[in-house]
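Some notes on the structure that comes next.
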Amino acid sequence: MDKLLITGGARLMGEVSISGAKNAALPILCAGLLTSDDLHLTNLPLLNDVSTMEKLLRQMGLRMSISGNSVTLNGNDVHHLEAPYDMVKTMRASILALGPLLTRFGEAKVSLPGGCAIGARPVDQHIKGLQAMGAEITLEAGYIHAKAKKLKGTRIVTDMITVTGTENLLMAATLAEGETILENAACEPEVVDLANLLVSMGAQISGIGTSRLVIQGVAKLHGAQHQIISDRVEAATFLCAVAATGGDVILKNVRTDILDVALDKLRESGAILTTDMETIRIQMASRPKPISFRTTEYPGFPTDMQAQFMALNCIANGTSHITETIFENRFMHVQELNRLGASIDIEGHTAIVQGTEKLVGAPVMATDLRASASLVIAALVAEGDTLIDRIYHLDRGYDRMEVKLSALGATIKRVSHQISETMHHALG
Ligand code: EPU
């Protein structure tokens with residue numbers, strides 16, 4: 001298992017290009033199941049969840065040809081209507097195959113995702129929505145088995161706002177008979193990106209970007225070309241890293257308009273930001289000021305940026321309060337940040353971070369994707385060496401993070417299992 005060895009202290013300087021969004025790419029790849037024509041996608045991020053999705057879709061019969069950051073999908077030979085446990089257990093987003101398979105082929109079998117490090121994360125709303133559209137669903141031997149000759153449009157009100165739930169039902173509704181209304185729909189930019197792609201494939205959707213999506217089912221969807229939206233979470237991760245190290249960096253290939261809350265919070269922390277539509281320059285000349293926030297659905301503060309902003313708060317000039325409202329267990333980075341010298345207490349769903357002047361390197365363990373990113377940020381400012389274990393979490397969702405950080409001047413190195421074992425002992 002690879003680890004990352006980071007020697008803290010370097011101020012990040014230079015330019016970095018932000019990749020396509022993981023959480024837009026995953027549903028968009030599944031949309032390839034909806035048509036027998038070619039789908040051409042650009043700005044595909046190269047990360048492990050995308051490779052897992054590629055394997056999953058290929059075993060269903062979807063043809064994919066990837067060249068650099070572009071991919072062409074063709075769903076003419078899709079025949080295996082199943083997402084097996086082996087794949088779903090490594091990536092929950094596999095559930096996104098359910099809606100497209102069912103609506104186009106009348107049947108789908110997708111393993112139930114199990115629990116996950118950040119929370120229970122059930123998929124009951126995906127199931128409830130499809131049942132409302134007339135699907136017969138049985139849960140057997142750990143699988144969701146869904147059947148429907150033809151899904152029928154209806155009004156669906158989900159109990160809570162769910163991102164992949166909205167995406168699954170939206171894809172299902174595109175080929176259903178009649179009108180589907182999705183109330184309480186997620187408004188995240190990644191949902192909007194998927195909806196825009198579906199429209200260019202011939203879907204009829206109104207209310208895109210709002211919490212009420214109205215879809216008129218069509219008989220068939222056709223091929224399209226689409227550029228995957230820029231990754232706002234990757235952008236925020238780099239912005240926090242630059243702010244924490246007191247650096248000066250230009251981020252390119254960003255969508256400034258979907259980063260409002262993050263940018264406001266960074267300004268509040270003392271960062272100087274110069275922005276236009278696709279670039280952000282961040283300069284940080286002082287120790288960060290503490291920033292408090294609560295995570296909520298878009299356009300509120302994203303749960304996927306909570307851990308990275310917490311890392312920044314660890315070295316702030318004062319105390320901050322961070323409340324997590326989306327997932328029940330998304331503070332697993334707290335213990336690890338404390339191992340680096342941070343001072344964080346948890347009270348219920350709130351983390352109270354008392355900024356300290358410095359962090360000190362130590363061996364730490366990544367527990368989930370965004371937790372890993374927060375440890376990287378903390379390690380970049382910590383004195384001495386930090387060895388981060390289980391970075392497969394990081395590799396799932398970031399496109400060559402250590403290469404990008406190293407180009408900005410960070411002292412960061414991937415170490416293979418054997419070498420890292422020796423270092424782990426040396427670092428205590
Ligand atoms: N929920 C239910 N039942 C459902 C669906 C959701 O109870 O049927 C609950 C969840 O347990 C959670 C809340 O609703 O407490 C919101 O979950 P949501 O369904 O919105 O999350 P998701 O669709 O599984 C996506 C992202 C996550 C991101 C969340 C929230 C993808 C592939 N994943 O997950 O991304 O944190 O939305 O914005 O889009 C990440 O990238 O690190 C990541 C975890």
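As the structure lists them, so they are numbered: ligands from 1, and atoms in each ligand from 1. Since the model is a prediction, treat every value here as computed from it, not as a measurement.
- Here the heavy atom of the protein found nearest to atom 8 (O) of ligand 1 is Gln125 N, 2.8 Å.
- When each of Arg330, Glu297, Arg294 is checked for a side-chain hydrogen bond (donor to acceptor under 3.5 Å, both in side chains) with Thr303, only Arg330 meets the rule.
- Between the choices Arg396, Met160, Lys128, the shortest heavy-atom distance to atom 7 (O) of ligand 1 belongs to Met160.
- Considering both main-chain and side-chain atoms, Ile326 comes within under 3.5 Å of ligand 1 through a nitrogen or oxygen pair.
- Scanning for side chain to side chain contact (heavy atoms under 4.5 Å, CB included) contacts around His321 gives Ser292, Thr319, Thr350, Ile352, with sequence neighbours left out.
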Going through the distances and angles, do Asn253 and Ser230 end up as a side-chain hydrogen bond (donor to acceptor under 3.5 Å, both in side chains)?
CA-CA 7 Å; Asn253 187 32; Ser230 165; 4.9 Å; no
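- Protein heavy atom at the shortest distance from atom 22 (P) of ligand 1 is Thr164 OG1, 3.5 Å.
- None of Asp37, Asp38, Asp77 except one satisfies the salt bridge (Lys or Arg N to Asp or Glu O under 4.0 Å) rule with Arg63; the exception is Asp77.
- The closest protein non-hydrogen atom to atom 11 (O) of ligand 1 is Arg121 CA, 3.3 Å.
- Taking distance alone, with nitrogen or oxygen atoms compared against 3.5 Å, Glu328 stays at or beyond that limit from ligand 1.
- Residue contact annotation: Lys22 has a non-hydrogen atom under 4.0 Å from ligand 1.
- For atom 30 (C) of ligand 1, the nearest protein heavy atom (residue, atom name, distance) is Thr303 CG2, 3.8 Å.
- Residue Arg330 places a heavy atom less than 4.0 Å from ligand 1.
- The distance criterion of under 3.5 Å between nitrogen or oxygen atoms is met by Asn23 with respect to ligand 1.
- Aromatic pair Phe309/Phe301: centroids less than 6.0 angstrom apart.
- Scanning all protein heavy atoms for the shortest distance to atom 4 (C) of ligand 1 gives Pro122 O, 3.0 Å.
- Using a cutoff of 4.0 Å between basic side-chain nitrogens and carboxylate oxygens, Asp395 and Arg414 are scored as salt-bridged.
- Ion pairing between Glu177 and Lys150 fails under the 4.0 Å rule for side-chain N and carboxylate O.
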Take His145 and Glu107 through the test side-chain hydrogen bond (donor to acceptor under 3.5 Å, both in side chains) and record every step on the way to the result.
CA-CA 8 Å; His145 192 177; Glu107 186 169 359; 2.7 Å; yes
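- Applying the 4.0 Å criterion to heavy atoms of His126 picks out, from ligand 1, the atoms 8 (O).
- For ligand 1, one of its N or O atoms has an N or O atom of Val163 under 3.5 Å away.
- The distance criterion of under 3.5 Å between nitrogen or oxygen atoms is not met by Gly165 with respect to ligand 1.
- Shown in contact with Leu369 at under 4.0 Å from a heavy atom are these atoms of ligand 1, numbered in order with element: 42 (O).
- The side-chain hydrogen bond (donor to acceptor under 3.5 Å, both in side chains) test with Gln125 singles out one residue from Asp159, Thr162, Thr158, and that residue is Asp159.
- The closest approach between any non-hydrogen atom of Gly397 and ligand 1 is not below 4.0 Å.
- For atom 19 (O) of ligand 1, the nearest protein heavy atom (residue, atom name, distance) is Thr162 OG1, 2.7 Å.
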Let me see the working for Gln306 and His333 under side-chain hydrogen bond (donor to acceptor under 3.5 Å, both in side chains), right down to the final yes or no.
CA-CA 10 Å; Gln306 179 252 106; His333 40 287; 2.9 Å; yes
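- Side-chain contact annotation: Asn168 with His126, donor-acceptor N/O pair under 3.5 Å present.
- Classification of Glu278 and Lys252 as a salt-bridged pair fails, no side-chain N sitting under 4.0 Å from a carboxylate O.
- Legend: residues meeting side chain to side chain contact (heavy atoms under 4.5 Å, CB included) with Leu369, ordered by chain and number and at least two apart, are Lys22, Tyr398.
- Residue Asp124 has at least one N or O atom closer than 3.5 Å to an N or O atom of ligand 1.
- The single protein non-hydrogen atom nearest to atom 21 (O) of ligand 1 is Phe327 CZ, 3.9 Å, given as residue, atom name and distance.
- When hydrogens are left out, the protein atom nearest atom 41 (O) of ligand 1 is Arg370 NH2, 2.8 Å; that is the closest non-hydrogen contact.
- Distances between N or O atoms of Asp304 and those of ligand 1 include at least one value under 3.5 Å.
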